[in-house]
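This report concerns only the one structure given below.
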Amino acid sequence: MSDLAPPEIGLWQAVEAEARAIFPRYGYEEIRTPSLEYTALFTRSIGDTTDVVQKEMYTFEDPGGRSLTLRPEGTAGVVRYLAGLGPEAAGRRLYYIGPMFRRERPQAGRKRQFHQLGAEALDPPCPAADVECIALQTHLLSAWGVRDATVEINTRGTPEDRAAVAKGLRDALEPRRKALCDDCNRRFDANVLRVLDCKQPTCQEAAAFLPPVTSFMAESSRAYLDEVCRLLDRLEMPYRLNPRLVRGLDYYVHTVWEITHDALGAQNTLSGGGRYRIELGGRALEGVGFAMGLERLMTALQAADIRPPEPDKPVWLVPLGDRARAVLFELAQTLRFRGVACGMALAGGSLKAQMRAANRAEASTAVLCGDRELDNGVFLLKNMTDGAQEELDLPALMQRLCG
Ligand code: HAM
């Protein structure tokens, strides 16, 4: 887990501001759900045979005996909120930015507290809604200046396809079962799709021989994917069909995708998403969404040398003596109310020490004032770049600093 502090936080703020401007153009509003939820919410929605639920959740019992979990992802909490709205939830679109928690082995691109920027749109299955959701992510990436991201897509089919897909994969894997890792041997019976996700080289080799999951699905599921591809072509959005992409969460149906980026190394997935169906409180909620890992996004931005905009350089007020200190203390507040960033050594100090502080703060201008200036009703304005100085009365000073 890392602290996010200046100067890096500037890039985070710029990214978030851009996203907050773009989401409303697609009809999304912000939601902030709690970081802590009942454990059952995640086991039921993400699936209890997934790695996230089996190995990666921070789960504990509170003193009241309830099992709680730090959210490992954002979809479940948003869907819980929407389920509570009842029929009013239909068509709602929500986005979120915030910390998520997974007890993974820390490595480059993998944190135990990380941040996601994500979005969920409650919609019944519709290829255009899935494509719009992919287009929203590529829009965000291009607005942030990320180039060279690759979109990979596939389908998980419908819940009705699941039994046929699982049987087809088991039959095809059976001759190579001995080569699978221990985890995948367990997954073989419980959730064979997870074998396609396994990072062990022997399992990846075995998976390479498998027919695409679409070959076990109903014709209508393949037609849904074809329509998604047709619409992506129509928007001239490049993508790659990846028949082995299944994603690590079990709530997906139909379209799934990942966006990868070469600057990220081994953990090269910048964003993942798809269409889902989550049953909560006896009701099935259908939607489509994605989540982007912000730490990984920052790595991609830094690799492209993208920096946040420079903050305004402050005006530095330099009082010489107690009378001037009181006057400039008040002036500082007036300037800030007028939109000017400004600072001063609140306890005063020698001229030399205060000018050193002005340089440290990278001030654009300094305003010097002592007893002589107060008696004459003027301030000394010093340009910190070229050292030029001029005497101004208060109206002229305000005009100069506030424009
Ligand atoms: P996910 O693929 O588990 O999907 O996570 C989305 C993104 O979060 C990943 O692509 C990655 O960039 C980032 N991420 C995940 N784990 C870590 C980690 N330990 N450290 C750093 N970054 C990480 C979901 O979470 C789904 N809820 C996405 C979704 C929304 N599907 C539909 N709606």
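Both backbone and side-chain heavy atoms feed into the values below; hydrogens, waters and symmetry mates do not. Everything numeric here is computed off the predicted structure, so don't read it as measured data. Both counts, for ligands and for their atoms, begin at 1 and track the order of listing.
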Among all protein heavy atoms, pick out the one at the shortest distance from [atom]; state its residue, atom name and that distance to 0.1 Å.
atom	result
atom 7 (C) of ligand 1	A291 O, 3.6 Å
atom 14 (N) of ligand 1	F114 CE1, 3.5 Å
atom 24 (C) of ligand 1	L249 CD1, 3.6 Å
atom 19 (N) of ligand 1	E104 OE2, 2.6 Å
atom 13 (C) of ligand 1	G293 CA, 3.6 Å
atom 20 (N) of ligand 1	K111 N, 2.9 Å

Residue selection (non-hydrogen contact nearest [atom]) among [options]:
atom	options	value
atom 27 (N) of ligand 1	E73, R102, R296, R112	E73
atom 1 (P) of ligand 1	R247, R105, H115	R247
atom 31 (N) of ligand 1	F290, Y252, Y276, W257	Y252

Just to be sure I read this right, does ligand 1 sit under 4.0 Å from the backbone of [X], its side chain, both, or neither, counting only heavy atoms?
X	answer
E120	side chain
L270	backbone
Q116	side chain
R110	both
Y251	side chain
P72	neither

Between Y95 and F23, does the ring centroid distance fall short of 6.0 Å? yes
Report yes or no: does G273 have a heavy atom closer than 4.0 Å to ligand 1? yes
Answer with yes or no whether G118 contacts ligand 1, where contact means a heavy atom under 4.0 Å from a ligand atom. no
